[in-house]
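Notes to accompany the following structure.
The sequence lines fix the lettering, A, B, ..., with proteins before strands; numbering per chain opens at 1.
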Amino acid sequence: MTQENQPAVHDENQIIAERRAKLTEIRQTNNAFPNTFRRDHLTSELFKQFNALSKEQLEEQPTIVKIAGRMVLKRVMGKASFATIQDMSGRIQLYISNDHTGEPVHAAFKHYDLGDILGAQGTLFKTKTGELSIRVTDLQLLTKSLRPLPEKFHGLADQEQKYRQRYLDLITNEETRKVFSIRSKVVQAIREFFVERDYLEVETPMMHSIPGGASARPFSTHHNALDMALFLRIAPELYLKRLVVGGMEKVFEINRNFRNEGISTRHNPEFTMLEFYEAYQDFTYLMDFTEQMLAHVAKQVLGTTHISYQGKTIDLSKPFMRLTITQAIQKFHPDYTTEQLNDRNYLIKKLQALNIHLNPNDGIGGLQLSLFDETTEHLLFEPTFIVDYPAEVSPLARRNDSNPDITDRFELYIAGREIANGFSELNDPEDQAARFQEQAKAKDAGDSEAMHYDADYIRALEYGLPPTAGEGIGIDRLVMLLTDSPSIRDVILFPQLRQED
RNA sequence: GGGUCGUUAGCUCAGCCGGUAGAGCAGCGGACUUUUAAUCCGUUGGUCGCCAGUUCGAUCCUGGCACGACCUACCA
């Protein structure tokens, strides 16, 4: 390590300089970064196993344990000290005194800093207030922390820093640790739910030569060796349905999608999507399936199907409401008559009056959907399936048998947000080809989110896609619901931010 | 993209009518053998986001820029 080769460090301060000096001193006598200490317990295990024992029981049958973790609190009192050590499972208090470690170890401890990573061996005991603690006999500094931690009581409050330096947020904020623990369990519960039902988990390409499966602007990149344009996927849908053609009749994928669009409290450019497909089922089956899955996941992860979101309660155990687009509009805005909602001229005038963006080529269904999006979507707090999506905005969904202008499709709204989108799949290759043509026309006309014509996908359909039901669920938004998080950035470990400095 | 608000010590935050800054925590030194956000005494630490302008003088007023948060629009 030569000073000359190191990049200039701009944020050096007195505290860091002092800690660096301590590290330099340690280097002179010891290995400053030893990797020989092995713990034999996590802190939470110690509480589980031994907290029920009394002070006397612990003294009669001494238990020797080794733990390791980051020192987050420190209280020095002359010839004895207390320190709180945090590991992945929780915290435990160390008692360090000249009597049990000898004076030199305790003296060294006094120079350890908050944030340092320690390994400790000692005997379990209870303090006079009854707190399970470790009476330390051996103490080692495992990793010197050069930078001071955020304020020990308030933790890290600055939102930007919480996102940019998530590790600091995780060290100091138990709520943050809990959110990501729940996120992990949600994904695990979903995976188990599918595996139990004989679904096969698959991974399909993240880089597409033709971005498809959704209406969104893609990120584009380039493959040098092949000298070809590639797009980060906006959805896995068309690949998953190719697998169903191939005979994988129940498949699911939990993975990232990338959309080159706005960033908000509900949108991150890369987000996690569950998509699943099951042959020989339809969209009504999916709605039942979704109700069961969400109730199962909530029960499994939170232990209850009654979740609290931003001060209101949501019950995931009862069947969700099912409303058509116009029924939903009328439920919240009873002044709209059925005649008005089916009158193209009325809808256009109304949308213009409300200053709502509309596509002039839209039919009645598209116009109804625009009105719904603007006036009603955000009011759907209770879990609600919206059905009867117009075919013109559903280029991959099967037409309804009795009304070809609408599709066998639903979207699920909870807490005013779209959580899921599912439908009976369009498996008529000729209809699909015609719909791609329409999308391609729209794209030529300037709609940057319209779909490309995917000839290989049509070829796959021509081999025969069995009647199939398929659905996508936004995992981040589901985790927001289950962790009562107001922003998607709170459930993504490293949300997208502008570049620093 | 539009609007509102914010940026002061490593962290959490004060800072009145414009006179170049304070507290707590953390750090350093000292006291203290059951503390628990330990306590007590002493003490170091600041380009007040950046750049202009107004002014004798700007953390404070004005303009611009950067970054962020929230709301809003497109999208999941």
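Nucleic acid contact for A/G155: sugar-phosphate only, since backbone atoms but no base atoms lie under 4.0 Å from a heavy atom of the residue. Base contact: A/N268 has a heavy atom under 4.0 Å from a base atom.
Under the rule for a side chain to side chain contact (heavy atoms under 4.5 Å, CB included), the partners of A/F231 that lie at least two apart in sequence or sit in another chain are A/P211, A/P218, A/S220. Judged as a salt bridge (charged side-chain N to carboxylate O under 4.0 Å, His left out), and not counting sequence neighbours, A/E45 has no contacts. When the side chain to side chain donor-acceptor pair (under 3.5 Å) test is applied to A/K22, the partners found at least two apart in sequence or on another chain are A/D113. In this structure, A/T172 has no side chain to side chain donor-acceptor pair (under 3.5 Å) partners at least two apart in sequence or on a different chain. Applying the side chain to side chain donor-acceptor pair (under 3.5 Å) criterion to A/Q496, with sequence neighbours excluded, gives no partner residue. A/E131 meets the side chain to side chain contact (heavy atoms under 4.5 Å, CB included) test with A/Q93, A/T127, A/T129, A/S133; sequence neighbours excluded. Every residue meeting the side chain to side chain contact (heavy atoms under 4.5 Å, CB included) condition with A/K185, not counting sequence neighbours, appears here in chain and number order: A/S181, A/V301. Among residues two or more places apart in sequence or in another chain, the side chain to side chain contact (heavy atoms under 4.5 Å, CB included) test is passed with A/K178 by A/E175, A/I182.
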Nucleic acid footprint by protein, nucleotides 28-44 of chain B - heavy-atom cut-off 4.0 Å, B for base, S for sugar-phosphate alone:
SS--BBBBBBB-----B

Go along nucleotides 69-74 of chain B 5' to 3' and tag each nucleotide: B for a protein heavy atom under 4.0 Å from its base, S when only backbone or sugar atoms are that close, - otherwise.
SSS--B

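Note that A/K74 lies outside the cation-pi zone of A/F82, set by a 6.0 Å cut-off to the ring centre and a 45° limit from the axis.
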Please, what dot-bracket string fits RNA chain B when only Watson-Crick and G-U pairs with both distances under 3.5 Å count, crossing ones use [ ] and pairs to another strand use |?
(((((((..((((.....[..)))).(((((.......))))).....(((((..]....))))))))))))....

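The nearest whole Å value for the distance from the CD atom in A/Q161 to the C1' atom in B/rU8 is 15 Å. Atom CG of A/D169 is separated from atom P of B/rU12 by 11 Å (rounded to the nearest Å).
Anti is the glycosidic conformation of B/rC25, whose angle departs from 0 by more than 90°.
Taking side-chain N and O atoms only, A/R498 has a distance below 4.0 Å to OP1 or OP2 of B/rG68.
The closest side-chain donor-acceptor pair between A/H106 and A/S81 falls under 3.5 angstrom.
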Expected list for residues 57-64 of chain A: side-chain donor-acceptor pairs under 3.5 angstrom, two or more places apart:
residue: A/Q57; atom: OE1; partner: A/S54; partner atom: N; Å: 2.7
residue: A/Q57; atom: OE1; partner: A/S54; partner atom: OG; Å: 3.3
residue: A/E59; atom: OE2; partner: A/R135; partner atom: NH2; Å: 3.4
residue: A/T63; atom: OG1; partner: A/Q61; partner atom: O; Å: 3.4

